[in-house]
Amino acid sequence: MESEQPNRQPRVEPVALVDCNNFYCSCERVFNPKLTGKPLIVLSNNDGMPISRSEEAKAVGIDMARPIFELKDIIAKYDVQVFSSNYTLYGDFSRRVMQTIRQFSPKVEEYSIDEAFVGLQGFAHRNLTEYGREMKATIYQWTGIPVSVGIAPTKTMAKIASKIAKKSPKSKGVLDLTNPRFQEIALKRYDVADIWKCGPARSRLLKSHSINTAWDLRNVSLAWVDKKMGVEGTRMVKELRGEPCIPLELMAPKKKRIGCGRSFGRKVESLFEIKECLASHIADAAVRLRRDGQAATGMKIYLQTNPYSNGPQYNKGIGVELPLATDETGELIRWATKAVEQIYKPGIVYKRVHVDFDGLVPNNQIQQSLFIQKDRQKQVQLMAALDQVNRNFGMGRLRYLAEGLEKAWKTRFEYRSPRYTTRWDELLTVRA
DNA sequence: TCTGGGGTCCTAGGACCC
DNA sequence: TCTGGGGTCCTAGGACCC
């Protein structure tokens with residue numbers, strides 16, 4: 001394998017990755033300081049498995065990939081505090097963190113609920129480590145959320161820098177890797193499996209060719225990596241060499257697909273219950289569709305059994321093309337419930353129903369049809385009223401009868417904390 | 001014996017992210 | 001008893017065209 005050493009690094013804008021530490025756990029702690037220093041986990045939907053762990057929980061051996069019932073001994077032994085996920089609370093904290101970050105640079109890409117890339121062009125005259133520390137301190141002071149900051153010439157290396165910063169006590173949560181000498185030290189000690197966009201399949205491939213560290217990967221030939229891993233591999237190698245291939249996205253792009261699918265809280269067999277649940281998912285996804293300013297020209301419905309069960313498996317999807325794009329919940333429900341009849345088979349225990357809206361178009365320029373007369377204006381007003389009521393009085397306050405009243409199938413959230421910041425009736429009680 | 005070649009478009013599935 | 005959900009991008013392969 002020949003190696004192409006880049007002989008100089010191009011002049012590029014430094015980019016920081018600000019990453020919240022154990023984000024969901026940290027949110028839970030802000031209003032519940034008694035949790036400080038204790039092992040703490042937040043569970044996935046349906047209280048299935050941990051999706052966020054405090055450092056203390058990691059230390060006592062709580063594993064992310066294992067279901068909660070397999071962890072109950074550890075939980076009891078170490079008095080691990082357990083919470084269902086409370087996305088309303090986390091979403092609100094995310095907004096606060098992002099707003100704080102925007103005080104530090106006009107160039108912010110909100111990459112996920114707990115991470116942002118920050119363009120640092122024009123800050124080169126400053127000590128970037130100091131700037132990062134100031135950012136970290138301010139975010140903690142204003143929101144109560146601890147973060148790690150990694151700074152580097154490319155996003156891929158900024159990710160690496162923030163991960164190292166999180167773990168190494170010496171860095172105090174901030175690491176600047178813009179200096180090539182430090183890059184070499186860091187990449188040589190960094191496992192390829194921990195590189196951004198290098199998942200299990202790619203790391204297995206790389207390791208089978210004795211490419212074990214990020215430094216090994218950086219020095220691989222572009223021809224080789226293109227052949228073995230295609231464009232994404234090539235981008236990874238270039239980014240590790242300090243050549244940006246993944247630009248900052250300052251404007252959130254329009255979504256290409258908006259969907260909803262959750263596991264049932266218990267066994268579901270009847271078409272009636274599946275239709276109710278599907279209608280409820282449609283209503284949920286349609287809110288996000290309208291919020292994104294889009295309408296759907298098609299949808300896909302999937303019906304699935306539990307892959308972990310030994311029973312007969314059945315997974316089927318069906319596509320529906322709509323004659324006219326729409327964002328109106330009632331109409332979407334009618335199309336979907338009709339379609340699901342075609343894939344439903346009786347006598348099967350189902351685990352999940354899922355809907356994806358696709359063929360999305362801006363909802364203010366829906367193509368009209370000569371043959372289908374609809375009062376679009378009326379629909380728009382109806383949906384605006386629906387969304388307004390639910391925003392003011394809580395999601396699901398106003399809903400379609402098709403979604404059901406009992407909702408016996410609904411997702412479990414046994415250990416949810418109060419929605420401290422978004423519900424008047426769940427405000428923090430200081431003294432009872 | 002022996003059955004073209006080059007292009008486009010679409011979809012399903014894989015891999016990955018948090 | 002009990003194993004998440006919402007996304008993106010890329011690729012291979014089939015269908016179709018001339």
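Not measured: the values here are computed from a predicted model. Numbers restart at 1 for each chain; the letters A, B, ... are given by sequence-line order, proteins then strands.
Side-chain atoms of A:Arg391 and A:Gln388 form a donor-acceptor pair, as typed in the model, at a separation below 3.5 Å. Side-chain N/O atoms of A:Arg352 and A:Thr305 include no donor and acceptor closer than 3.5 Å. Side-chain contact check for A:Asp19 and A:Ser148: no donor-acceptor pair (N or O, by modelled atom type) lies under 3.5 Å. A donor-acceptor contact closer than 3.5 angstrom is absent between the side chains of A:Glu276 and A:Tyr400. No side-chain donor-acceptor contact under 3.5 Å links A:Thr326 and A:Glu328.
Contacts of A:Leu71 with the nucleic acid, taken as non-hydrogen atoms under 4.0 Å apart, are absent. Within 4.0 Å (heavy atoms only), A:Asp47 reaches no atom of the nucleic acid at all. Residue contacts for A:Pro307: at a heavy-atom cut-off of 4.0 Å it reaches no nucleic acid atom on any strand shown. Contacts of A:Arg266 with the nucleic acid, taken as non-hydrogen atoms under 4.0 Å apart, are absent. A:Phe23 comes within 4.0 angstrom of no nucleic acid atom, judged by non-hydrogen atoms across all strands.
When the side-chain nitrogen and oxygen atoms of A:Lys155 are compared with OP1 and OP2 of B:dC17, none of them lie within a distance under 4.0 Å. When the side-chain nitrogen and oxygen atoms of A:Lys351 are compared with OP1 and OP2 of C:dT3, one or more of them lie within a distance under 4.0 Å. Between A:Arg235 and C:dC10 there is a side-chain polar atom (N or O) within less than 4.0 angstrom of OP1 or OP2.
When distances run from any side-chain atom of A:Tyr308 to the nucleotides B:dC17, C:dT3, C:dC10, the shortest one goes to C:dT3. Residue A:Ser44 places its side chain closer to C:dG4 than to any other of C:dG4, B:dC17, B:dA12.
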Anything under 3.5 Å between a protein N or O and an N or O of nucleotides 13-16 of chain C, put it in a table, one pair a line.
none

So which protein N/O to nucleotides 5-7 of chain C N/O distances come out below 3.5 Å?
unit_1: C:dG5; atom_1: OP1; unit_2: A:Ser263; atom_2: N; d: 2.4
unit_1: C:dG5; atom_1: OP2; unit_2: A:Ser263; atom_2: N; d: 3.4
unit_1: C:dG5; atom_1: OP2; unit_2: A:Ser263; atom_2: OG; d: 3.0
unit_1: C:dG5; atom_1: OP2; unit_2: A:Arg352; atom_2: NH1; d: 2.8
unit_1: C:dG6; atom_1: OP2; unit_2: A:Gly261; atom_2: N; d: 2.6
unit_1: C:dG6; atom_1: OP2; unit_2: A:Gly261; atom_2: O; d: 2.8
unit_1: C:dG7; atom_1: OP1; unit_2: A:Arg288; atom_2: NH1; d: 2.6
unit_1: C:dG7; atom_1: OP2; unit_2: A:Gly259; atom_2: N; d: 2.8
unit_1: C:dG7; atom_1: OP2; unit_2: A:Gly259; atom_2: O; d: 3.4

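Looking only at distances, a side-chain donor or acceptor of A:Gln294 sits under 3.5 Å from a matching main-chain atom of A:Lys255. Within the 3.5 Å criterion, the main-chain N or O of A:Leu43 finds a donor-acceptor partner in the side chain of A:Ser85.
Nucleotides B:dC17 and C:dT3 place their P atoms 25 Å apart, quoted to the nearest Å.
Spacing between atom CG of A:Asp114 and atom P of B:dC17 amounts to 14 Å, rounded to whole angstrom units. In this structure, A:Lys166 atom NZ and B:dC18 atom P are separated by 10 Å, rounded to whole Å. The CD atom of A:Glu232 sits 9 Å away from the C1' atom of C:dT8 (whole-angstrom rounding). Rounded to whole Å, the distance from NZ on A:Lys197 to P on C:dT11 is 13 Å. When the P atom of C:dC2 is taken as reference, atom CG of A:Asn306 falls 7 Å away, rounded to whole Å. Atom CE in A:Met49 sits roughly 18 Å away from atom C1' in C:dT1 (whole-Å rounding). Between the NZ atom of A:Lys228 and the C1' atom of C:dC10 there is a distance of 18 Å, given to the nearest Å. Look at CG on A:Asp194: it is 15 Å from C1' on B:dC18, rounded to the nearest Å.
Checked options A:Glu239, A:Glu115, A:Glu109, A:Glu243; the residue passing with A:Lys155 is A:Glu109 (criterion: salt bridge (Lys or Arg N to Asp or Glu O under 4.0 Å)). When A:Lys166, A:Arg53, A:Lys58 are each tested for a side-chain hydrogen bond (donor to acceptor under 3.5 Å, both in side chains) with A:Asn22, only one passes: A:Lys58.
Between A:Trp196 and A:Phe117, the ring planes are tilted. Angles from 30° to 60° get that label.
Nucleotide B:dC9 has C:dG14 as its partner under the Watson-Crick or G-U criteria, with both atom distances under 3.5 Å.
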